[in-house]
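To start, the structure under review is shown below, and the notes come after it.
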Number of protein chains: 2
Amino acid sequence: MSELTKFFKLLSDETRLRILLLLKSQRLCVCELCGIMNESQPKVSKHLAKLRDLGIIDDERHEQFIFYSLKTNNKLYLRILDDILDSINDYPIVKEDIEKSENAERFIKIS
Amino acid sequence: MSELTKFFKLLSDETRLRILLLLKSQRLCVCELCGIMNESQPKVSKHLAKLRDLGIIDDERHEQFIFYSLKTNNKLYLRILDDILDSINDYPIVKEDIEKSENAERFIKIS
DNA sequence: TACTTATATAACCAAATGCGTATATATGTA
DNA sequence: TACATATATACGCATTTGGTTATATAAGTA
């Protein structure tokens, strides 16, 4: 029960909710998330740390990048995120985020 | 989007989440909620006020009692609560709450 | 090696949160 | 009217939260 309320606390911040909805479709690194959402790096990193601490996401380093991905073990959490995506037309900012994420690589400087 | 994150903030407190899951099946007054959850009246009232302020629940006075009920206008919110109830076996306290709510009238003193 | 990019994290601060206690109001009853 | 029940809300307090700025580490490149 306390794990579930902690999950909802994570969803209660707009930045974190946007991150989770982005990670629902693909893994992304910090600088891609910053670019897509137009948010500062420390802010994004801090929220990612909270998501990682509760075991909602995984991280994996590839060279200088650290890629984050959504863990798929908790079906309830996945279902809730899917419910939100089913109402995506009510949340234009999420729609824009996902559109931008379709060529996320452009937010990596050297590429 | 901010309305959605506010909804999740409401769900992020155990007392409020229990209240919402209880109201999913029937309307209840404050003293019934206190009795079922074994929580103090000011605590329950305060959380009900937050739920009311965001328009998640309705209140209706009947004599000295004020009955609270879940509003049914937002389908996403209802779906999320249903998702949780589908996993009710993972949350025994919720199961107990709902069992106790089946004869909630016993928590009204004069009855 | 010097520099750039990517990332994490610490320090600080203002605002929000949740709780307990106390109190005020409304309704019903003796 | 006096009292009990039901409920809302204000006050004070300790904790948490989220943001910004600054800094430290790691990896790649010239």
Side-chain angles (χ1 to χ4, degrees), chain A residues 1-2 5-20 22-23 27-54 56-69 104-111, chain B residues 1-3 5-20 22-23 27-54 57-69 104-111:
Chain A
M1 187 70 178
S2 120
T5 52
K6 283 180 189 159
F7 173 68
F8 286 128
K9 183 154 295 180
L10 291 176
L11 296 193
S12 75
D13 176 87
E14 177 167 322
T15 305
R16 285 192 299 260
L17 182 54
R18 289 167 74 190
I19 290 173
L20 288 178
L22 279 166
L23 297 184
R27 71 176 200 181
L28 292 163
C29 69
V30 181
C31 64
E32 290 173 323
L33 287 166
C34 291
I36 292 166
M37 301 192 299
N38 194 33
E39 296 283 1
S40 77
Q41 179 268 315
K43 180 170 172 179
V44 170
S45 277
K46 210 170 177 181
H47 286 301
L48 285 168
K50 291 193 181 185
L51 294 168
R52 185 182 358 95
D53 289 349
L54 205 70
I56 309 295
I57 59 176
D58 270 334
D59 61 316
E60 197 183 348
R61 181 180 275 274
H62 285 266
E63 290 138 14
Q64 72 269 56
F65 306 101
I66 299 180
F67 285 91
Y68 285 91
S69 55
E105 321 73 40
R106 74 193 164 100
F107 295 110
I108 294 181
K109 291 203 182 159
I110 45 173
S111 82
Chain B
M1 188 70 176
S2 120
E3 204 192 307
T5 52
K6 282 180 190 160
F7 173 67
F8 286 128
K9 183 153 294 180
L10 292 175
L11 296 193
S12 76
D13 176 88
E14 176 166 323
T15 305
R16 286 192 300 258
L17 182 54
R18 289 167 74 191
I19 290 173
L20 287 177
L22 279 165
L23 297 183
R27 71 175 200 182
L28 292 163
C29 70
V30 181
C31 64
E32 290 172 323
L33 286 167
C34 292
I36 292 167
M37 301 192 299
N38 195 33
E39 296 282 2
S40 76
Q41 178 270 315
K43 179 170 171 178
V44 170
S45 277
K46 212 167 179 182
H47 286 302
L48 284 168
K50 292 193 179 183
L51 294 168
R52 188 188 348 101
D53 289 349
L54 205 71
I57 59 175
D58 270 334
D59 62 317
E60 197 182 347
R61 180 181 276 275
H62 285 269
E63 289 139 15
Q64 70 266 59
F65 307 101
I66 299 181
F67 285 90
Y68 286 91
S69 55
E105 321 72 41
R106 74 195 163 99
F107 295 109
I108 295 180
K109 291 203 181 159
I110 45 173
S111 84

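Since this is a predicted model, take the numbers as computed values, not measurements. Letters A, B, ... are given to chains in the order of the sequence lines, protein chains preceding strands, and every chain is numbered from 1.
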- Query: Who pairs with A:Ser45 by side-chain contact (heavy atoms from CB on, under 4.5 Å), at least two apart in sequence or on another chain?
  - Reply: A:Val30, A:Gln41
- Looking at residues at least two apart in the chain, or sitting in another chain, which of them share a side-chain contact (heavy atoms from CB on, under 4.5 Å) with B:Lys6? B:Ser2, B:Leu54
- Tell me: CD1 of B:Ile66 to C1' of D:dT9, nearest whole Å? 12 Å
- Item | Interatomic distance, A:Leu33 CG vs C:dT7 C1' [rounded to whole Å] | 12 Å
- Query: Roughly how many Å is it from CZ in B:Arg61 to P in D:dT5, rounded to a whole number?
  - Reply: 17 Å
- Note on the structure: Smallest heavy-atom separation, B:Leu28 atom then B:Leu22 atom, equals CD1-CB, 4.0 Å
- When you check the phosphate oxygens OP1 and OP2 of C:dA8, does a side-chain N or O of A:Tyr68 lie under 4.0 Å from one of them? yes
- For the side chain of B:Arg52, counting heavy atoms from C-beta on, which of D:dA26, C:dT27, D:dT9 is nearest? D:dT9
- Query: Given atom CZ of A:Phe65 and atom P of C:dT7, what is their separation to the nearest angstrom?
  - Reply: 6 Å
- Let me know the distance between CG of A:Asn38 and C1' of D:dG19, rounded to the nearest Å. 16 Å
- Below 4.0 Å: OP1/OP2 of C:dC19 and any side-chain N or O of B:His47: yes
- Identify, with sequence neighbours excluded, every residue that meets salt bridge (charged side-chain N to carboxylate O under 4.0 Å, His left out) alongside B:Lys50. none
- Rounded to the Å, how far apart are B:Glu60 CD and C:dT27 C1'? 16 Å
- Query: Who pairs with B:Phe7 by ring pair (Phe, Tyr, Trp, His ring centres under 6.0 Å), at least two apart in sequence or on another chain?
  - Reply: B:Tyr77
- Task: Would you mind reading off the distance between B:His62 atom NE2 and D:dT7 atom P, rounded to a whole angstrom?
- Result: 12 Å
- Item | For the student: nearest non-hydrogen atoms of B:Tyr68 and B:Leu23, plus distance | O-CD2, 3.4 Å
- Note on the structure: salt bridge (Lys or Arg N to Asp or Glu O under 4.0 Å) pairs touching residues 30-43 of chain B, sequence neighbours excluded, are B:Arg18-B:Glu39, B:Glu39-B:Lys43
- A:Ile108 CD1 to C:dA6 C1', straight-line distance once rounded to whole Å: 10 Å
- Query: For A:Arg27, what residues pass the salt bridge (charged side-chain N to carboxylate O under 4.0 Å, His left out) criterion, not counting sequence neighbours?
  - Reply: A:Glu60
- Which residues in residues 5-18 of chain B have at least one heavy atom lying under 4.0 Å from any atom of DNA chain D? none
- Hits for side-chain contact (heavy atoms from CB on, under 4.5 Å) against A:Arg61, two or more places apart or cross-chain, chain-then-number order -> A:Ile66
Might you list the N or O atoms of the protein lying below 3.5 Å from N or O atoms in nucleotides 20-22 of chain D, with each pair's distance?
unit_1: D:dT20; atom_1: O4; unit_2: A:Lys46; atom_2: NZ; d: 3.4

- Note on the structure: Among C:dA8, D:dT9, C:dA6, the one nearest any side-chain atom of B:Ser45 is D:dT9
